[in-house]
Amino acid sequence: YKLNVHRGFSLPDYAVLYKGNDSFLRVVEAGKAHFRPVTLGRKQRGAVEITKGIVEGATVIERASGFIAEGEAVTTQETKL
């Protein structure tokens with residue numbers, strides 16, 4: 001038996017954007033923000049598991065100081081975990 005098997009990674013739930021029934025993360029590619037559809041897994045204690053849609057090493061916008069549009073140029077500040 002395999003217990004508590006996870007196939008994704010966790011992010012704070014406030015990093016996820018919802019449009020209707022769809023879930024998105026904002027990622028930075030070539031200095032611009034892009035919305036990527038994701039599949040969510042477990043939600044627990046303010047975190048949500050991302051099971052599909054983002055690859056390891058992607059730069060995810062966790063918080064923003066204002067509204068960010070698709071394709072908008074952004075400046076990032078990395079957070080060390």
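When a residue number appears, it is its place in the shown sequence, counting from 1.
- Looking at heavy atoms from C-beta onward, Tyr14 lies in side-chain contact with Arg63 at the 4.5 angstrom threshold.
- Note: Leu40 CG to Lys52 NZ = 12.0 Å, rounded to the nearest 0.5 Å.
- The hydrophobic clustering, which links ILVMFWY residues whose side-chain heavy atoms are closer than 4.5 Å, places Val28 and Ile68 together.
- If you take OG1 on Thr51 and CZ on Phe9, they are separated by 9.5 Å, rounding to the nearest 0.5 Å.
- Residues Leu17 and Phe35 have side chains in contact (heavy-atom distance under 4.5 Å, counting atoms from C-beta outward).
- Note on Leu11: it clusters hydrophobically with Ile54, by side-chain heavy-atom contacts below 4.5 Å among ILVMFWY residues.
- A pairwise comparison of heavy atoms in Phe67 and Glu72 identifies O-OE1, 3.9 Å as the closest pair.
- Residues His34 and Arg26 have side chains not in contact (no heavy-atom distance under 4.5 Å, counting atoms from C-beta outward).
- No side-chain heavy atom of Ile61 sits under 4.5 Å from any side-chain heavy atom of Val27.
- The heavy-atom pair separating Val74 from Ala33 by the smallest distance is CG1-CB, 4.0 Å.
- Side-chain contact between Ile50 and Leu25 is present, with at least one heavy-atom pair separated by less than 4.5 Å.
- Counting heavy atoms from C-beta on, the side chains of Val48 and Arg42 never come closer than 4.5 Å.
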